[in-house]
Amino acid sequence: MKKLLKAKLILVMSALLFVPSCSGDFLERPPEDSYSVADFYQTADQVQNSTNHLYSRPWFNFITNVAWCIGELSSGNGRTWDPRNADFTNFAITGQHNTLTQSWESLYAVVAQSNTLINTLPEAVSGDVPQEVTNNALGEARFIRATAYFYLVRIFGSVPIIADNTEYVLEPVVPRNPIEDVYEFIKRDLEFAVANCYSKTRGSNFDLNAKVSSGSAKAMLAKIYLYEGDNAMAYQLSQEVIDSGEFKLYGGDAADGDPSGSYYDLFLTENDNNPESIFALQWGTSGQYSEGNGLQSLFAQSGVTGFSDGYSAIGPSIDLQESYEDKEQDLRYYATIMDPGSYYPDLNGGYTVSENVDHQGTNVGIKKYVVGNASTNGGGGEQSYPNNTYILRYGELLLINAEAALKGGGSVANGIESLNKVRRRAGLDNIANPTLDDVFHERRIELAFEFEFWYDIVRQGPEFALNYLANTERGTYNDDTTPPTVTSETYTPNAEDLLFPYPSNEIQNNPALSEPPVPYEFE
Amino acid sequence: MHYLKFYSIFSTKVLGKLFVLLVLCSASQAFAQKTVTGTVSDANGTPLLGVNVLIKGTNTGASTDFDGQYEIRAEDSNVIVFSYVGFEEKEELIGSRTQIDVTLTESAEGLDEVIVIGYGAQLKEDISGSVSTVNVEEIENIPQVGIDQLMQGRAAGVSITKNSGQPGSAVSVRIRGVNSITGSSEPLYIIDGVPISGDSRNIATSGRSIADGGLGEGSGSTGVSPLAALNPSDIASINILKDASATAIYGSRGSNGVVIITTKKGKKGEGKLSYSTYTGIQRPTNRIDVMNLPQYAELQNTIGEIYGLNEQIEFLNPSLLGSGTNWQRAIFDDALMTNHELSFSGGSEDINYFVSAGYVDQEGTVIGSSFDRITIRANVNAKIKDWLSAGISLTGSRTNEEITLNGSSNGIISLSLLNNPATAIYNPDGSFAGPTTPDEIAFGLRNPIAEALSIRNDLRRDRLLGNIYAEFKLHDNLTFRTEFGGDFGNNLSDRFQPTFSYGALDRGTNLLSIRRENNDFWILKNLLTYNNSFGDKHDLTVLLGQESQESSWQGVIAQDGDFVSNDVPILGTGNANDFTDQYQGSSALQSFFGRAIYSFDNRYNITASVRADGSSKFAEGNKWGYFPSVSASWRLSNEAFMEDFDAVQNIKLYGGYGEVGNQAIPNFAYGARLNTISTGTGTGFEFANFANPDLTWESSTQTNLGLDFGLFDSRLNTTIEVYNKISKDFLYQLAVTDFITGGNSPGAITAPWVNLGEMENQGIDVTINYKTIRDTDFTWSSTLTFSHYKNTVKELLGDLTINGDLSLNQSNQNITFTKVGQPIGLFYGYQVEGLFRSVDDINGAPVQFGRPFEDALFSTTWLGDIKYKDVNGDGVVNSDDRTVIGNPHPDFTYGFQNSFSYKDFDLSIFLQGSYGNDIFNAVNRTLTAANSYYVNQAPSVLDYWSVDNPNAGSPRLARNDTPNINISDRYIEDGSYLRIQNVTLGYNLPASTIDRIGLNKLKIYGSIQNLYTFTDYSGYDPEVGAYNQNALLLGVDNGRYPSPRTFTLGLNVEF
């Protein structure tokens, strides 16, 4: 009996011995396929790369789906029948509009990613990493956060300023802050970036130009002052940027010009981060959804991209087509709009536009940001192409300089020269005594399909904007007649339409959005 | 990697003391005794557990173990009394024998059965928790490939809905209501001791559905069943533990209920060889009415004007047109289904075995979908020594699935409804046809046949699932069992999109995405069971146990494209940038538990258990959860004072309370991670999630009260149970506001998991069973199950409202909302008051969505538009006027099984249904949108409002920005249904005939599955389920793959 018991005991014990440990390790399962935040930021390389994502993915939905709806459709530069987007043309956007919601989400995703980096770096970075590396990364993050807020304040007006997301993660009710405070917040971020980002000179190694510099922040700050009506500061900062020699006008003929390029070349993928680029989004070549630039999918016609995208979702409006001074002379037309039958030697190794190209009833197509298939364009996949998206480039800075000068902010002669540099690059003649209307028009053409025109209209004030928007031709060509006649469409906005509504679900979750703005408490 | 450390849970010291105690007990026995052993079984040879084995005239006794075996010390002159509830008592004089095997015969009122409960088995009559048993005989010959589908309607309190008719797709199983919001509400399955999660979304492991095929989010209903690997024919019993006092022993993973599935064992006696087969035809049940070509042309002509588009010349005279392409007829087709199953089984004194092989091949009724499965199984149990037995159960399976995109606005089913009848399927040269004109390209839809037949989405799943154990009899009353189980899976998912061009549509680049995934799970259990009967009346079973389990997964996704042809797409041979992604992770649980079951005199039973679980999902300090339970039962009928009362029999009252937990959330939710992405400046490191270091166990408490009784000499048996289940601190990914997280944007920071709020499910489950006495040629038995639950959200952080969103027609729509005081996932939208039919209707009416009342084709509100109700009475209709418009929760669900037999014939009819639930018919919304060009619609749209048709049934035609299609009660339908789920007629060849040809049994049968559905629902199928098992999207029909009607003929042979 005892012997048997002993034998059993030995068996039981040996069975029990196979029980794995319950010591801490067995129940400790840190991520195996990604970094834990606590373990990152230990080397200078890691800190340098910590801002990479701020130039791409969080912006994806805004750029791909919304920026052009606001910038081009609402402004009347473009038109569409597209189910999701016609509301932007008709001023029929409500808080339930999914596309609009995407801009809110996407821009706040940029804010969230920037904030988290801004708040994590000072604590997490290892002491071995040089301070200036960390400061530069912080500067980049604050620059990008400022840019996101700049879009938010222009689209929605008063919005909640979030500087540290973790404070609000469990707190659903957050007040919105006044427009002036949002601008103040933006300026403080940009001033930090001016002080902490590296100074650069944009050279021929384009890769080194990819990230923003102290000069980029100064340029963005000039634009902010222009929006605030502080023309002196706008002029001063833009002039400092011009004088610094950091950036070049690609194809410009003056001292700050780079004769190796042209306006058309600005939009070729191979010229990403050319010396004109002040801040551009940096899309990857992986071809994965949201890691690349999706604009081409919507702007191109079927067959251009090599994939089944190419939705012709927007067409250049008749109004825009007719506002070019001279389609033949202005080099920007060919780089922006595809006429039937025109030939693009670089696109897909040679592309002739179909004779019946007809985006949304406009009888033309779009060229800007249409870059062709993966094999001729350096990779990418459906709805995910590697070409940069400009947020601010030197051409626009020159126009900021011109506008600020003409508004009394500084040397008018310098301002006129800035405007004419842009015109000469486009193949147009100088204007000896330009007016503010000329600058407004120049911005429209120079920046067409770069999503600025709506904000340019709205910042002229409601009186101008409502009148201008109501008289923009948004109709189609009727091809049953020869030559085609215009089937006219115009839409009259009201004052509320100049800002877009908050997403309904956000008001539902955060009723404070319906309350008056509360001043932001700056530190 | 985690290295294994060796250690023992019971220190030698404790174990030593335990043994000393036991030895002392045995020492009191007289020395002239010998050991008598044996097996007690019923007339069928099935071993009986817990039989009282008593030396007559003494208090010495034992009881049989799970294999019906006992061991007792006695003298030659002793008489052993074997007693077992429901069986005739039997006495045996020992004499010179040392082994006495006994067969007990059922007593007249023999109703008793052994029920498998967690980590053991118990007599049904003793059970004090809530356990439902699915009668396996009733589901034997039903042509369903998945065991989850077979349970439908068979057990009260268990609601099962098929989410899709796609072969092999996931079902949603809800035991007593919905328990979790974003977590899984699927139960835990224990298959021969190995736990398997029912969650097809894999929330707690890799976070990736097995079959997303690279389609990503919003790609429709793609869940595949985690149980598809199991062959239903191998199953011996299914027991469903519903209340917390029953599931608490599964602690950490028991909050959604537990389904215990045991597979077949060999029985003692001559070996048996069985073969069964069936062949079936599945036929699409119904089609949805859409316009034919002349109707479509008429619609196009009018919509074209509103859009200001050029006319389509061919439509100028619609009456001259033929009927056009019937897309539905083209995508739905009869489909074959065959099944073969071969098994060998048998057993001797010391060993039993069951070996089987099965094959099923099921085509889908939607072209391009199919499922096949090969399974093999081996179950062997052996008694090696009189103190040691061991066994193994092992199943290997391979399933192959061809998956179509369905349940999505751009899924094949939706495309077939919406594609215009003017487009042909094929060109005369046999190539796929497609749009040609610029307008058609801009507005037209893709050719669903081309999509179904050219895009390949294959999934192969290999799985090895098994369990090996050794059981030591340490003493007459003490056994130690150690068990090692594993579930090892390997999934191969291949998706290839070829180049194609049809019409003017052209896709010049092909793309191959493949995914290779391994899932490993192992579990090690150590169980010590003490069982003893004292005197005549006391019976005690004590269980102590320890369990360790680990789940790990790893996968690789790779893509290549731009192959020179579509013929041999192989990674590395294409010109596109290669893309690869790898993921891996693991989670672990460590548990200790104990349970005591004490019963007194077959009258009182009390069970108490406690379990402690440590989980890797939580941070240090929050890892451990403790889950106690207690329950009791009182068998009123066995009381002396009830002796003379025989109008009602077998009265049992029982009740219990227990707590269980849930930790099925992603790994490392308590910490913050970085996602890596590809950017133009190198690898980017995105913040992936907000951390919550305070995260801890979700717990669910449940109170259950039950009553069993029989009437008419126990021919009619009724079980009534009521319960109240409260989920506390339920785990939820709290997305408070989009401006904190970035919402659904790429690059958003995922909201933190939190312990949020409280939810209650109250309900009643009733089972009524009637059977005739089996002594005539005719027998009849019926089982009616009835379940009702009421779900209420009791508490959410602050005044939080949780929205259930779904992408419909490329636009994210808020379809449900969840608020405190209401059930989860109520449909949310506008109320329709009717149409604006006259200027009088417009005068004074609230402005709708800021659109002026103006006679224009678009951007205004005008006659023929839908008039929405100003619910809050503020004089305008806007998003504040959304309100509750429907409830997806049924008032009750029911199942009704009827079995008849007459001589050699048997007939079974099974009905099942649901009453009082609403469905959001998203398909109908698209089909009646009346706002797009080149898209087909329901014929009812032609009755649109116009000046000439002021009494129209449908709104005016519009551009696509019309508010007429806002989410409203227009799309809410009653989803009640009664379905004749199965009718089977079988014939057993008489014994005299088959004896001559050397057979034991020969049965032929015919059956019809899904024979008919009584419903008012206008979609394909009212059984909609939870969209991708998401509790917030119950009852949302977005082009669900309809379940077919299946006619089968089958044959069962036994040698």
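In what follows, every chain begins at residue 1, and chains take the letters A, B, ... in the order their sequences are listed.
Interface residue A/Ser106: backbone and side-chain heavy atoms are both found under 4.5 Å from chain B. Within the 4.5 angstrom heavy-atom criterion, no atom of A/Ser354 approaches chain B. The part of A/Glu489 that comes within reach of chain B is its side chain, from C-beta onward, which places non-hydrogen atoms under 4.5 angstrom from that chain. Contact of A/Ser312 with chain B is not made at all, since no heavy-atom distance falls under 4.5 Å. Neither the backbone nor the side chain of B/Asn510 has a heavy atom closer than 4.5 Å to any heavy atom of chain A. Residue B/Thr499 does not touch chain A at all, counting heavy-atom pairs closer than 4.5 Å. With a threshold of 4.5 angstrom between heavy atoms, B/Ser879 approaches chain A through its backbone and through its side chain. Neither the backbone nor the side chain of A/Ile507 comes within less than 4.5 Å of any heavy atom of chain B. For a residue to count as touching a neighbouring chain, one of its non-hydrogen atoms must lie under 4.5 Å from one of that chain's; by this rule A/Gln288 touches chain B with the side chain only. For B/Gln584, the parts lying under 4.5 angstrom from a heavy atom of chain A are both the backbone and the side chain. In this structure, chain B has no heavy atom under 4.5 Å from any part of A/Tyr502. Neither the backbone nor the side chain of A/Glu496 comes within contact range of chain B; no heavy atoms are under 4.5 Å apart.
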Practice task
For the pair B/Asn878 and A/Thr94, evaluate side-chain contact (heavy atoms from CB on, under 4.5 Å) and give the outcome as yes or no after the intermediate values.
Solution key: CA-CA 9 Å; B/Asn878 58 23; A/Thr94 67; over 6 Å; no
Exercise for the section: Check the pair A/Tyr108 / B/Asp738 against side-chain contact (heavy atoms from CB on, under 4.5 Å), numbers first and verdict last. Expected result: CA-CA 7 Å; A/Tyr108 268 114; B/Asp738 293 341; over 6 Å; no
Exercise for the section: Test side chain to side chain donor-acceptor pair (under 3.5 Å) on B/Ser586 and A/Arg29 and set out the steps. Expected result: CA-CA 7 Å; B/Ser586 64; A/Arg29 304 283 164 147; 2.9 Å; yes
Handout entry: Audit row: A/Asn505, B/Asn803, side-chain contact (heavy atoms from CB on, under 4.5 Å) steps and yes/no
Key = CA-CA 8 Å; A/Asn505 286 345; B/Asn803 298 318; 3.7 Å; yes
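When the candidates A/Asn52, A/Val37, A/Thr116 are compared by the number of heavy-atom contacts under 4.5 Å with chain B, A/Asn52 comes out ahead. The candidate with the highest count of non-hydrogen atom pairs below 4.5 Å against chain B, out of A/Pro160, A/Pro386, A/Ser50, A/Gly361, is A/Pro160. The most heavy-atom pairs under 4.5 Å with chain A, out of B/Thr683, B/Asp562, B/Thr676, B/Leu511, come from B/Thr683. Note on A/Ile162, A/Thr51, A/Thr166: by heavy-atom pairs under 4.5 Å with chain B, the leading option is A/Ile162. Ranked by heavy-atom pairs under 4.5 Å with chain B, the list A/Tyr55, A/Phe62, A/Phe91, A/Tyr491 is led by A/Tyr491. With chain A as partner, the option from B/Ser615, B/Gly684, B/Gly743, B/Ala588 having the largest number of non-hydrogen pairs under 4.5 angstrom is B/Ala588. Comparing B/Ala691, B/Ser616, B/Ala748, B/Pro746 by how many heavy-atom pairs each has under 4.5 Å with chain A, the most go to B/Pro746. Annotation: maximal heavy-atom pairing with chain B below 4.5 Å, among A/Ser290, A/Ala112, A/Gly306, occurs at A/Gly306. The choice from A/Thr285, A/Asp39, A/Asn388, A/Thr476 that makes the most heavy-atom pairs within less than 4.5 Å of chain B is A/Thr285.
Here CD of B/Glu550 is found 10.5 Å from CG of A/Leu27. Values are rounded to the nearest 0.5 Å. Interatomic distance, B/Trp553 CH2 to A/Glu32 CD, rounded to the nearest 0.5 Å: 7.5 Å. A distance of 9.0 Å separates CG of B/Asn667 from CG of A/Asp33, quoted to the nearest 0.5 Å. Of the inter-residue distances, the one linking A/Ser514 atom OG with B/Asp880 atom CG reads 7.5 Å to the nearest 0.5 angstrom. With rounding to the nearest 0.5 angstrom, the CG atom of B/Asn575 is 7.5 Å from the OG atom of A/Ser375. Note that CG of A/Asp272 and OG1 of B/Thr681 are 11.5 Å apart. Values are rounded to the nearest 0.5 Å.
Relative orientation of the A/Trp104 and B/Phe739 rings is perpendicular, given thresholds of 30° and 60° on the angle between their planes. Using cut-offs of 30° and 60° for the angle between ring planes, the A/Tyr35 and B/Phe685 rings count as perpendicular.
Taking each heavy atom of A/Gln113 and B/Gly747 in turn, the nearest pair found is NE2-O, 2.8 Å. Taking both residues in full, the closest heavy atoms of B/Ser745 and A/Asn61 are given as CA-ND2, 3.9 Å, listed atom of the first, atom of the second, then distance. A/Tyr168 approaches B/Ile740 most closely through the heavy-atom pair CB-CD1, 3.5 Å.
Residues A/Ser286 and B/Gln559 fail the side-chain proximity criterion, which asks for heavy atoms closer than 4.5 Å. Proximity of B/Val754 to A/Leu170: side-chain heavy atoms (C-beta onward) are separated by under 4.5 Å at one or more points. Looking only at side-chain heavy atoms (C-beta outward), B/Thr679 and A/Gln282 stay at 4.5 Å or farther from each other.
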